[in-house]
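Proteins get letters first, then strands, A, B, ... in listed order; numbering begins at 1 in each. Since we're looking at a predicted model, the values are computed, not measured.
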Protein chains: 2
Amino acid sequence: MPYTYDYPHPAVSVDIAIFTIRNDELNVLLIKRAEAPFRGEWALPGGFVQMQESLGAAAERELLEETGVSGVYLEQLYTFGQPDRDPRERVITVAYYALIPSDQVELRAASDAEGVGWFSVERLPELAFDHPEILETAMDRLAAKVEYSTIALQLMPAAFTLTELQNLYEQVRREPIDKRNFRKKILALDVIEATGEERREGPHRPAKLYRVIDRSRVDVIK
Amino acid sequence: MPYTYDYPHPAVSVDIAIFTIRNDELNVLLIKRAEAPFRGEWALPGGFVQMQESLGAAAERELLEETGVSGVYLEQLYTFGQPDRDPRERVITVAYYALIPSDQVELRAASDAEGVGWFSVERLPELAFDHPEILETAMDRLAAKVEYSTIALQLMPAAFTLTELQNLYEQVRREPIDKRNFRKKILALDVIEATGEERREGPHRPAKLYRVIDRSRVDVIK
DNA sequence: TGACTTAGTGTCTAAACAACACTATAGTTC
DNA sequence: GAACTATAGTGTTGTTTAGACACTAAGTCA
């Protein structure tokens, strides 16, 4: 059943950079393309926007399909529309990025399901289309927001140590942070609290565990 | 000549919030709609993206058509795609905003040409479509960027006084600024310099004039 | 020449940020 | 059980930045 218009229309898709933390490293979810173009190459998950759904709803739908999660941090990133970015037809893509707490990652995607994989942002494969540019834009946005908001907490699991949190900040910012200054600052924000538990692992002093006080909030700081 | 696709495609447009300063007030350019829907109401200038042009090129084209200017600050803002935002068909719009130095405004739009007008952002008319939301988003972005960059200088003419510049900051931020602190801070950035001229107007001490050192640069500060 | 109006200038206090090193506590080894 | 190892945890000081605050300067005009 064909759809006909008086003048040409582009296709519109959403693509999502889905981040989480695995093995203390920032990871992004990629899909192995099963069809041409770029068959066999890795790409950001995405799909076409349905006519009756909003852009945000399309992004949520893609996120749910690929990871099984919903209700996590999801933000529109940028819209990419170079005329030749897809060799088949003109496709304009509205890119989003999502942050998933590392304990909410479904086994479906976490296990090495065929054609889906988590990749450390330090060791990315070749990407299809203009997805390298999209992913770079997402990482730049994330790095910028980490500086002036509490967005990084959206990646933390239900309980975590301050060392793990500092490690995330250091990865995103790509530079080391002083331990004492970091703890002073993050605790002064009053956005995390000690759970009272601690984690023992290895021949050294156990670390206190913390939780995010209000997961639904991302504060702008300063 | 109809264009046919196997599945439905939305239309894609760009809309631009074009800002300048007129009479010491932040102004935005609006177009009076000549056709339905929202005939006779004011709207942001915009149009459909051509199949062979990039999104940025479409925005530049619209900007040039409406104001006669090019080469000014132009940035993608956000993409709006609620399914019902246009009653005719599904239209997804990629919004941009532009900043025009107040001495580059062409008479065409500056004069009260039929169907085009500059409006103070303090006294806006009713707007068509979801353009109130788009314009609010643009003003929020501008206010945010003024805080941490030198973007405000993109609105200043070739020569201006520090009082005029401070006045712009106060309007965008919607709160008064201390004159001495403002001058200290802006001069310490080393992005403007005295022209050596001064402006005499009215029964009081003349004001020194300044110019932007490098118009093409927008620095992120701090 | 005095009144009026906007331009222009400096100091002090408080807060935020950056640099910096040692003690605590668990597990493991001998 | 003493010594070793590895990571957790903790304060102070100097520097920089931000904010509060009031008077003098230099034109025009009556």
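Classification of Arg211(B) and Glu193(B) as a salt-bridged pair holds, one side-chain N sitting under 4.0 Å from a carboxylate O.
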Show me, pair by pair, the donor-acceptor contacts under 3.5 angstrom made by side chains of residues 148-159 of chain A, not counting sequence neighbours?
residue: Ser149(A); atom: OG; partner: Lys145(A); partner atom: O; Å: 2.7
residue: Ser149(A); atom: OG; partner: Ile151(A); partner atom: N; Å: 3.2
residue: Thr150(A); atom: OG1; partner: Asp219(A); partner atom: N; Å: 2.9
residue: Gln154(A); atom: NE2; partner: Arg215(A); partner atom: O; Å: 2.9

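Put simply, CG on Asn181(A) is 14 Å from P on dT10(D), counting in whole angstrom units. Separating the CG atom of Asp24(B) from the P atom of dT6(C) is a distance of 12 Å, rounded to the nearest angstrom.
Residues Leu26(A) and Phe19(A) form a side-chain contact, since some pair of their non-hydrogen atoms from C-beta on lies under 4.5 Å apart.
Donor-acceptor pairing under 3.5 Å, judged by distance alone, is absent between the side chain of Lys208(B) and the base of dG8(C). Interface remark: the Arg180(A) side chain does form a donor-acceptor pair with the dA21(C) base, using a distance-only criterion of under 3.5 Å.
Evaluation of the ring-ring contact (aromatic ring centres under 6.0 Å, His included) test over residues 174-199 of chain A, restricted to residues two or more places apart or in two chains, returns Tyr169(A)-Phe182(A).
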What does the list of N/O pairs under 3.5 Å between the protein and nucleotides 26-30 of chain C look like, with a distance for each?
residue: dA26(C); atom: N3; partner: Pro203(A); partner atom: O; Å: 3.2
residue: dA26(C); atom: N3; partner: His204(A); partner atom: N; Å: 3.0

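Considering Ile18(B), Val116(B), Val72(B) as possible partners of Thr67(B), the one that fulfils the side-chain contact (heavy atoms from CB on, under 4.5 Å) test is Ile18(B).
Residues from residues 182-190 of chain B that place a heavy atom under 4.0 Å from any atom of DNA chain C, listed by number: Arg183(B), Lys184(B). Residues from residues 159-174 of chain B lying near DNA chain C, meaning a heavy-atom separation below 4.0 Å, are Thr163(B) in numerical order.
Partners of Arg39(A) according to the side chain to side chain donor-acceptor pair (under 3.5 Å) rule, which considers only residues two or more places apart in sequence or in another chain, do not exist here.
Other residues, nucleotides and ligands contribute only 12 or fewer heavy atoms inside 6.0 Å of the CD atom of Glu136(B).
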